[in-house]
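Below you'll find the structure, written out as C-alpha cells, and then a few comments.
So you know, we letter chains A, B, ... as the sequences are listed, proteins then strands, and number each from 1.
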Protein chains: 2
Amino acid sequence: MLRISKLSDYAIVLLSEIAREQGGQGVTARHLAASTHIALPTVVKLLKLLKDHGVLLSIQGRNGGYRLAHRPSDTNLAVIIEAVEGPIALTECMNEELDCQIHHNCNTKAHWVHINAAFRQALSVVNLNDLTRGTMPVRVSWNGDRAPAL
Amino acid sequence: MLRISKLSDYAIVLLSEIAREQGGQGVTARHLAASTHIALPTVVKLLKLLKDHGVLLSIQGRNGGYRLAHRPSDTNLAVIIEAVEGPIALTECMNEELDCQIHHNCNTKAHWVHINAAFRQALSVVNLNDLTRGTMPVRVSWNGDRAPAL
DNA sequence: TAAAATGGGACCAATTCAGTCCTGTATTGG
DNA sequence: CCAATACAGGACTGAATTGGTCCCATTTTA
Ligand code: FES
Ligand code: FES
C-alpha cells in the first residue's frame with residue numbers, strides 16, 4: 001500500500017500540538033497524551049525518538065517537558081518522518097553500502113536516487129507552521145521534457 | 001524506513017526483462033525465473049498480479065506466456081507499484097472513505113494530497129524504456145516560493 | 001524528600017509481507 | 001486425441017516488521 005507508518009502520523013500530530021500550545025515552557029508527555037488521545041506509553045516513545053533526532057528538546061525533572069528544538073518553520077515533514085522511521089530510502093539499493101545487485105544491468109539505481117530526492121523534497125517543503133497555521137507551499141512544477149540518454 | 005516492498009522491486013526487474021526479451025511472442029514464467037533468479041512461485045504470483053492490473057497480457061496453453069499490454073514507454077513505475085502494492089496512499093486519510101479524524105483541526109489532509117501527487121508524479125515519469133535503454137527524464141524543479149495561507 | 005517528569009530498555013501481540021503449494025483450466029505439438 | 005506445457009486462482013505458512021506496553025532508573029523541584 002505504500003504508506004508512512006502510523007507512528008509517523010502520530011508524531012506529526014504531537015508536534016503540531018506542541019507547536020500550537022508551546023507557551024515558553026515545555027509541554028509534558030502526559031498532557032499531550034490527554035490532548036491528542038494517543039496512549040501515554042506511545043507518546044513517550046515518540047517524544048524520545050524526536051528528541052534523540054534533534055527535533056525536540058527535553059527538560060527533565062518536575063515541571064519538565066518537551067519543547068521544539070527549532071522554529072516551527074524549520075521543522076518539516078521530511079525531518080519528522082526520518083526521525084521516526086529512519087532515512088527515506090525507497091529501495092534496498094539506496095542507503096546500503098552492500099553492493100546491491102538485484103538488477104542485471106542496473107539502469108535502475110539512478111532513477112531511484114532521483115525519485116527519492118523528489119519525494120524527500122515534497123516532504124521537506126511542508127513545515128510545522130503550515131500544519132498549524134494552515135499555510136501551504138506552492139506545487140512542484142514539472143517541465144515535461146525528457147533528458148537525453150545517459 | 002519507508003521503502004517500496006521487495007515484491008515491487010521484483011516486479012520492476014521482471015518487467016524490464018520482459019521488455020528486453022520480448023520478441024513478438026510471450027515470455028514464460030519459467031524462463032523469467034531462470035533469467036532473473038527469482039523463485040518460480042514468486043514470479044508466477046507477480047505476473048498474475050501484473051496481468052490482473054492490465055500491465056501484462058497472458059497467453060494460455062502450450063507456447064503461452066506473458067507480453068506487455070502496452071508500449072514500454074507507457075508502462076511507468078507508478079503503474080507497476082500500484083499493481084503490486086495497491087494505490088499509493090501515504091496516509092490513512094488518503095484513500096479511505098471513513099472520515100479519518102486523527103488530527104484535531106485538520107490542516108494536514110491538503111498537504112498529504114499534494115505530497116502524494118508529487119510522489120506519484122515522480123514515479124510516473126520513469127518508464128520501462130528508461131529502465132531498459134538507460135534514458136532518464138529531467139528533474140523536478142521547485143520554485144521555492146510559498147503560497148498564501150488557505 | 002516525595003512527587004512529577006524524562007531516560008532507556010526489554011518485551012509482547014498483531015499485523016503485514018514474502019514465499020510456497022496445490023489443484024484446476026486452456027492450448028497445442030506430436 | 002492426449003500428454004505436456006503453460007497460466008488461473010486461491011489457501012496456506014513462516015518470517016519480519018510494527019504498534020504498543022511495561023518496568024525501573026535518573027533528574028529536578030515544590
Ligand atoms: S542493483 Fe540495486 S538498483 Fe540496480
Ligand atoms: S484527520 Fe486525517 S488528515 Fe487530518
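The listed nucleotides are D/dC7, C/dG7, D/dG20; the one nearest the side chain of A/Tyr66 is C/dG7. Checked against C/dG8, D/dG9, D/dC7, the side chain of B/Asp52 finds its nearest nucleotide in D/dG9. Taking the side chain of A/Lys48 as heavy atoms from C-beta on, and the options C/dG19, C/dG7, C/dT20, the nearest nucleotide is C/dG7.
Rounded to whole Å, the distance from NE2 on B/His31 to P on D/dC7 is 12 Å. Separating the CG atom of B/Leu7 from the C1' atom of C/dT16 is a distance of 12 Å, rounded to the nearest angstrom. The CG-P distance, from A/Leu49 to C/dG7, rounds to 12 Å in whole Å. D/dT21 atom C1' lies 15 Å from atom CD1 of A/Ile38, rounded to whole Å. Between B/Leu40 atom CG and C/dT20 atom C1' the separation is 11 Å, expressed in whole Å. Spacing between atom CG of B/Asp9 and atom C1' of C/dC17 amounts to 14 Å, rounded to whole angstrom units. Rounded to whole angstrom, the span from the NZ atom of A/Lys6 across to the P atom of C/dA14 amounts to 13 Å. Following rounding to the nearest Å, A/Glu85 (CD) and C/dT16 (C1') show an atom-to-atom distance of 15 Å.
B/Lys45 comes within 4.0 angstrom of a nucleotide base, judged by non-hydrogen atoms across all strands. B/Ile59 comes within contact range of the sugar-phosphate backbone alone, with a heavy-atom separation under 4.0 Å but no base atom that close.
Between D/dT27 and A/Arg62, no contact under 4.0 Å exists linking OP1 or OP2 to a side-chain N or O. Residue A/Lys51 places none of its side-chain N or O atoms closer than 4.0 Å to OP1 or OP2 of C/dT6. Put simply, A/Ser58 has no side-chain N or O that comes within less than 4.0 Å of OP1 or OP2 on C/dA5. Contact annotation: B/Arg30 reaches the phosphate of D/dA6 (side-chain N/O to OP1 or OP2, under 4.0 Å). Considering only side-chain N and O atoms, A/Tyr10 lies nowhere under 4.0 angstrom from the phosphate OP1 or OP2 of D/dT18. Regarding contacts with the backbone of C/dG29, a side-chain N or O of B/Asn63 is found under 4.0 angstrom from either OP1 or OP2.
Within the 4.5 Å cutoff, side-chain heavy atoms of A/Leu56 are placed close to those of A/Tyr66.
Using modelled atom types, one finds a donor on one side chain and an acceptor on the other under 3.5 Å when comparing B/Glu21 with B/His31. In this structure, a donor-acceptor pair under 3.5 Å is absent between the side chains of A/Thr36 and A/Glu17.
The shortest heavy-atom contact between A/Ala122 and B/Ile115 is O-CG1, 3.8 Å.
Ion pairing of B/Lys6 with B/Asp9 is absent here, as no side-chain N (NZ or NE/NH1/NH2) approaches a carboxylate O to less than 4.0 Å.
Along DNA chain C, the nucleotide closest to B/Ser5 and the one closest to B/Gln60 are compared, and the more 5′ of them pairs with B/Ser5.
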